[in-house]
Amino acid sequence: MTNIPINADRLWASLMEMAKIGATKKGGNCRLALTDVDKEGRDLFVRWCKDADCDVTIDAVGNIFARRPGTDPSKAPVMMGSHLDTQPTGGRFDGVLGVLAGLEAIRTLNDHAVETEAPVEVVCWTNEEGSRFAPAMMGSGVFTGVFELDEIRVKTDLDGLAFGDELERIGYAGAETPGSHEVGSYFELHIEQGPILEAEDRTIGVVTAAQGQRWYEITVTGQESHAGPTPMPVRRDALLAASKIVQEVNRIGHHHPPHACATVGQMLVSPNSRNVIPGSVFLTVDFRHPVDETLSNMDRTLKAFSATLAKENQVRIDIVDFWYFPPTPFSDGCIEAVREGAKAAGLGYMDIVSGAGHDAVYIAGVAPTGMIFVPCEDGISHNEIENATPEDCAAGCQVLLHAILARAEALD
Ligand code: HGY
Ligand code: MN
Ligand code: MN
């Protein structure tokens, strides 16, 4: 039963149809969370789920649940999913593959009139990317109690628009209380977003864990003054100090090879005028590592460096610990179901730790959870050129179907 074939052409057609929404000139997607194009993508997904005879419910943070009934409605559902929102220069597969592969698995069960004891669901989590509204993984974070709904609703984007208002504006502030929805187990198919599977020539990544993350918001305050008459020795140049933080963040990343990652992704310079010495700089730092103690070490190093830098450069440096989650292991039962799925499909596979954060990290806190990776071209993601092959997408979907069928009869 677990080897019924998914419809690879239908999956690819759905991916390409969704990719038309928020399509960018370089062939990627821009569907920032809670924008009109995010709504358009959600609406299409909901329509497809209803066409597949699913019951669709939406919770108060906008998570969409599409349920295919099982023979025993008292059993908690086996859930699949990911996200439809993208980065501003995002690709056509990050998140989307997991949502539409879940839909394809349900369509395949319908095609073959397969009955499962437990209900099977596909979910679209709200604002996984954390680009327009930070932090990331908001929908799954509220669902699992990591974030309070009220604290998330008042988060604003760079234009001062609030999450809660935008969610209502697009019509996805649902009635269901986040977290009241049972989860028997959860599987997320995702592109790897890194180069390992391609380099090792494996089709399936059996994801054993996700590395931990620490996000910081740093404000450097110096003194604006005239770029002409202000002598170099008396300047309190916020951008000079900020640039030294950027260098140090990069050094910290290189200091813990091979897994540590350290990135400054956002920087806002004020007043951002070519003949004014910058008085203030806002920048973000993203640290990641699979070992929590190393992540703490990176944290301590950054803060010690910044304290010394502030004194030496006569600037003020405020560091906000903006977001943290520890390295997160996935459940042995789900990992084994993924491995069995890869073997049953005759696919090359390997264990892998996720460098990226995913909604599965939070769901792992409330239910047995597993992830499946497939390669993406040159390991590139969060980039409009992000690409995956129809064959790899289909292979990942086949393993997903196998894994959920194995669980839909026998839950942990
Ligand atoms: O940042 C991440 O790892 C994810 O793409 N939100
Ligand atoms: Mn993603
Ligand atoms: Mn992403």
Side-chain angles (χ1 to χ4, degrees), residues 15 18-19 22 24 28-33 38 41 45 63 80-102 123-142 146-147 152 155 186-194 196 205 207 209-217 253 259-266 284-290 295 322-328 352-364 369 371-376 379-388 393 396 400:
L15 286 165
M18 184 62 75
T24 63
N29 274 165
C30 176
R31 283 195 305 276
L32 291 178
D38 184 23
F45 172 62
N63 297 317
M80 308 167 280
S82 194
H83 59 94
L84 291 175
D85 68 295
T86 73
Q87 287 287 336
T89 53
R92 300 171 295 164
F93 302 94
D94 176 357
V96 185
L97 175 59
V99 175
L100 298 187
V123 60
C124 167
W125 301 109
T126 296
N127 187 31
E128 187 280 341
E129 291 293 359
S131 176
R132 181 186 179 196
F133 298 102
M137 297 146 57
M138 278 187 177
S140 53
V142 172
V146 172
F147 305 127
I152 290 301
K155 293 281 186 185
Y186 175 76
F187 291 91
E188 182 163 351
L189 168 62
H190 208 288
I191 51 172
E192 177 201 340
Q193 301 180 293
I196 297 170
V207 190
Q211 59 182 352
Q213 291 187 29
R214 283 185 179 274
W215 280 12
Y216 304 88
E217 291 193 337
H259 298 299
C261 293
T263 313
V264 173
Q266 228 177 11
T284 61
V285 175
D286 176 324
F287 278 164
R288 306 196 189 197
H289 200 277
L295 205 51
F322 186 75
W323 187 40
Y324 160 70
F325 65 78
T328 306
I352 192 169
V353 172
S354 176
H358 299 285
D359 295 305
V361 166
Y362 281 157
I363 307 306
T369 294
M371 284 197 79
I372 306 159
F373 276 174
V374 291
C376 55
I380 299 286
S381 181
H382 283 193
N383 183 317
E384 293 163 271
I385 66 168
E386 175 189 282
N387 194 29
C393 291
L400 176 67

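Order of listing sets the numbers, starting from 1, for every ligand and every atom in it. Just so you know, these numbers come straight off a predicted model, no measurement behind them. Hydrogens, waters and symmetry mates are skipped; everything else that's a heavy atom, side chains included, is used.
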Any nitrogen or oxygen of Glu128, side chain or backbone, less than 3.5 Å from one on ligand 1?
yes
Could you go through the side-chain contact (heavy atoms from CB on, under 4.5 Å) check for Thr284 and Tyr216 one step at a time?
CA-CA 6 Å; Thr284 61; Tyr216 304 88; over 6 Å; no
Answer yes or no for Arg214 and Tyr324: cation-pi contact, defined as NZ/CZ to six-membered ring centre under 6.0 Å and angle to ring axis within 45°.
yes
In terms of atom number and element, which parts of ligand 1 are under 4.0 angstrom from non-hydrogen atoms of Gln213?
3 (O)
So is His358 close enough to ligand 1, meaning a heavy atom under 4.0 angstrom away?
no
If you consider just the N/O/S atoms, which atom of His190 is the closest one to the Mn ion (ligand 2)?
NE2
Any N/O/S atom, side chain or main chain, of His83 closer to the Mn ion (ligand 2) than 2.8 Å?
yes
Aromatic plane relationship, Trp323 with Phe147 - under 30° parallel, 30 to 60° tilted, over 60° perpendicular
tilted
Compute the shortest N/O to N/O distance between Gln193 and ligand 1 and return yes if it is under 3.5 Å, no if not.
no
Considering the heavy atoms of Ala356, write down every atom of ligand 1 situated less than 4.0 Å from one of them.
3 (O)
Counting N and O atoms only, with roles assigned by atom type, does the side chain of Glu217 sit under 3.5 Å from a partner on the main chain of Phe322, one being a donor and the other an acceptor?
no
Residue that, paired with Phe373, satisfies side chain to side chain contact (heavy atoms under 4.5 Å, CB included) out of Glu192, Glu188, Gln193
Glu192
Between OE1 of Glu129 and NE2 of His382, what angle is found at the Mn ion (ligand 3), rounded to 10 degrees?
90°
Criterion side-chain contact (heavy atoms from CB on, under 4.5 Å) on Trp215 and Arg288, from CA distance to verdict:
CA-CA 9 Å; Trp215 280 12; Arg288 306 196 189 197; 4.1 Å; yes
Testing the 3.5 Å rule here: is there a donor-acceptor pair between the side chains of Asn63 and Trp125?
no
If you measure every N/O of Arg288 against every N/O of ligand 1, is any gap under 3.5 Å?
yes
Using distance alone, determine whether Gly357 and ligand 1 share an N or O pair under 3.5 Å.
yes
Would you name the N/O/S atom of Asp94 that lies closest to the Mn ion (ligand 2)?
OD1
For Glu384 and Thr24, test the side chains for any donor-to-acceptor distance below 3.5 angstrom and give the result as yes or no.
yes
Counting backbone and side-chain atoms alike, does Glu128 have an N/O/S atom under 2.8 Å from the Mn ion (ligand 3)?
no
Is it the case that the side chains of Asp286 and Thr263 hold a donor-acceptor pair, with the cut-off being a distance below 3.5 Å and no angle test?
no
Can you list the atoms of ligand 1 that are under 4.0 Å from a heavy atom of Glu129?
5 (O), 6 (N)
Looking at His382, which atoms of ligand 1 are within less than 4.0 Å of one of its heavy atoms?
5 (O)
